[in-house]
Amino acid sequence: PRPGHADLVGMQKYGFSDARDVLERASARETAARVAAGAIAKQLLSHLGVEILSHVIQLGDVRAHNTTLPTLKDLDAIDTSEVRCFDSRAEASMIAAIKQAAKEGDSLGGIVESIAHGVPIGLGSHVHWDRKIDALLAQAVMSIQAVKGVEIGDGFEVAGMRGSQAHDPISWDAVHHRYVREGHRSGGTEGGISTGEPLIVRAAMKPLATLNKPTLKTVDVVTKEETVSFKERTDVTAVPALGVVVETMMALVLASEAQRKFGGDSLSEFVRNAQSFRSTLES
């Protein structure tokens, strides 16, 4: 069994003698179905003006330094990148890191950032622990295979700041008649509710558990002798693909909460209810 994969613990949980019964179902190939469903959720959200995209901000130990939040107009540039990185300066270093890891038979993890623009105010709840929008997003994204960390906005960075620096100041936009946050540290949520600002979710993916040059120490489940993990077909990294799956999970959560908030028995009623709610905020 491979350390870091579901092989051994799945066999123990269900009493299997063959890891194959576990590893096939635990495979990230399962996310293809999520992406298909999420495409429908994106179409629904588009009628509310919601657009979701993602990009790689770290691959291995290479970090992107672009501080501009990409929008849908930047999607072509992101998809043109071999590693879906919005920072062209970091892209070459990421590609080099992949090639080096491939040469050594190793794998790489990384971090993706997914952004939802145009999210309506009021999705989620400050009252119900199981309906907080950031909690729902964290659970959905953490359910993706190999994801070991989820951050909303600058969650981990603000932990080391003082309160006077860690929050997004609020101001009134007299032109568009709306409140705005001067920054994105909160990631578009406050108190478990969407604020109308860009909703930002970051997901950290561990390196893949299958190596092309197996070196991870493990135990033969029959003889109990020390050995190395077996080799299954694998890639060097799945980080560029992770962003698409994170978009999917965000779309499914946002579509569900938008339906809860605005309801309706038809698309036109759903959109009309959302527009009516938004109009009450412009005063």
Donor-acceptor pair, Ser27 side chain versus Leu23 backbone, under 3.5 Å? no

Heavy-atom distance under 4.5 Å between the side chains of Glu190 and His126, does that happen here? no

Working to the nearest 0.5 Å, report the span between CE of Met250 and NZ of Lys42. 10.0 Å

With ring pair (Phe, Tyr, Trp, His ring centres under 6.0 Å) as the rule and sequence neighbours excluded, what pairs involving residues 1-47 come up? Tyr14-Phe16

Is there a side chain to side chain contact (heavy atoms under 4.5 Å, CB included) between Thr31 and Gln145 once you walk through the steps? CA-CA 8 Å; Thr31 59; Gln145 289 84 342; 3.4 Å; yes

Would a 4.5 Å heavy-atom cut-off, applied to side chains only, mark Glu157 and Arg185 as touching? yes

Using only atom types and a distance under 3.5 Å, with no angle test, would you say the side chain of Ser276 pairs donor to acceptor with the backbone of Asn273? no

Inspect the surroundings of CD in Gln259 and state if more than 12 heavy atoms from other residues, nucleotides or ligands are less than 6.0 Å away. yes

Tell me, please, which residues at least two apart from Glu226 pass salt bridge (charged side-chain N to carboxylate O under 4.0 Å, His left out). Lys217

I need the minimum non-hydrogen distance between Leu211 and Gly105, along with the two atoms involved. CB-O, 3.5 Å

Within the side chain of Asp235, is there an N or O that forms a donor-acceptor pair under 3.5 Å with the backbone of Ala238? no

Rounded at 0.5 Å granularity, tell me how far CD1 in Ile121 sits from CZ in Arg178. 8.0 Å

Taking the side chain as every heavy atom from C-beta outward, state whether Met205 and Leu59 have any atom pair closer than 4.5 Å. no

Kindly indicate whether the side chain of Val239, heavy atoms from C-beta on, has any atom under 4.5 Å from the side chain of Val83. no

Nearest atoms (heavy-atom pairs only) where Ala203 meets Val141: CB-CG1, 3.6 Å

At their closest point, which heavy atom of Pro70 faces which heavy atom of Ile78, and how far apart are they? CB-CD1, 4.0 Å

Cut-off 3.5 Å, side chains only: do Arg260 and Ser125 have a donor facing an acceptor? no

Is the number of heavy atoms from other residues, nucleotides or ligands under 6.0 Å of Asp18 CG greater than 12? yes

Between Ala258 and Leu48, which heavy-atom pair has the shortest distance, and what is it? CB-CD1, 4.0 Å

Look at the side chain of Ser143 and the backbone N and O of Ala140, then say whether any donor-acceptor pair between them is shorter than 3.5 Å. yes

Under 3.5 Å, side chain of Gln58 to main-chain N/O of Ile111, donor-acceptor pair present? no

Show your working on side chain to side chain contact (heavy atoms under 4.5 Å, CB included) between Leu254 and Ile52 and close with a plain yes or no. CA-CA 10 Å; Leu254 294 176; Ile52 308 174; 4.2 Å; yes

List the steps and the verdict of salt bridge (Lys or Arg N to Asp or Glu O under 4.0 Å) for Asp134 and Lys132. CA-CA 6 Å; Asp134 35 12; Lys132 291 179 178 287; over 6 Å; no

Student check: side-chain heavy atoms of Thr237 and Leu208 closer than 4.5 Å: no

May I ask you to decide if Arg202's main-chain N or O and Glu151's side chain share a donor-acceptor pair within less than 3.5 Å? no

Quick one: do Val35 and Leu44 end up in the same hydrophobic cluster if we chain Ile, Leu, Val, Met, Phe, Trp and Tyr together by side-chain heavy atoms under 4.5 Å apart? yes

Main chain of Pro1, side chain of Thr218: is a donor-acceptor contact present, judged purely on distance under 3.5 Å? yes

Side-chain heavy atoms nearer than 4.5 Å, only ILVMFWY residues, links allowed to pass through others: does that put Leu123 and Leu136 together? yes

For the residue pair His55 and Ile57, establish whether any side-chain heavy-atom pair is separated by less than 4.5 Å. yes

Measuring from Thr80:OG1 to Leu75:CG, what's the distance to the nearest 0.5 Å? 9.0 Å

Under the side chain to side chain contact (heavy atoms under 4.5 Å, CB included) criterion, do Leu137 and Leu199 qualify, and how do the steps go? CA-CA 10 Å; Leu137 288 166; Leu199 196 52; 3.7 Å; yes

Side chains of Leu53 and His117, heavy atoms from C-beta outward: is any pair under 4.5 Å? yes

Inspect the surroundings of CG in Asp61 and state if more than 12 heavy atoms from other residues, nucleotides or ligands are less than 6.0 Å away. no

Donor-acceptor pair, distance only, cut-off 3.5 Å: does the side chain of Ser266 make one with the backbone of Glu269? yes

Between NE2 of His184 and CD1 of Ile152, what distance do you get to the nearest 0.5 Å? 15.0 Å

Could you give the distance from OG1 (Thr189) to CD (Glu197), rounded to the nearest 0.5 Å? 11.5 Å

Is there a path from Val56 to Ile115 through hydrophobic residues (I, L, V, M, F, W, Y) whose side chains come within less than 4.5 Å of each other? no

Under the salt bridge (Lys or Arg N to Asp or Glu O under 4.0 Å) rule, what do Glu257 and Lys261 come out as? Steps first, then yes or no, please. CA-CA 6 Å; Glu257 286 306 297; Lys261 173 67 176 171; over 6 Å; no

Could you walk me through whether Val246 and Ser54 pass side chain to side chain contact (heavy atoms under 4.5 Å, CB included), step by step? CA-CA 8 Å; Val246 175; Ser54 65; 5.7 Å; no

Please determine whether the number of non-hydrogen atoms from other residues, nucleotides or ligands lying under 6.0 Å from atom CZ of Arg63 exceeds 12. yes

Should Ser186 and Asp168 be marked as a side chain to side chain donor-acceptor pair (under 3.5 Å) after you check the CA-CA gap, both sets of side-chain angles, and the distance that decides it? CA-CA 7 Å; Ser186 70; Asp168 302 320; 3.0 Å; yes

Under 4.5 Å between side-chain heavy atoms, hopping through other hydrophobics if needed: is there a path connecting Phe262 to Leu267? yes

Can you hop from Ile193 to Ile200 via hydrophobic side chains spaced under 4.5 Å? no

Using modelled atom types and a 3.5 Å cut-off, is there a donor and acceptor pairing between side-chain atoms of Asp7 and backbone atoms of Ala19? no

Just how far is it from atom CE of Met11 to atom CZ of Arg20, taken to the nearest 0.5 Å? 11.5 Å

What orientation do Tyr179 and Trp172 show, parallel under 30°, tilted 30 to 60°, or perpendicular over 60°? perpendicular

For residues Val50 and Pro120, determine if any side-chain heavy atom of one lies less than 4.5 Å from a side-chain heavy atom of the other. yes

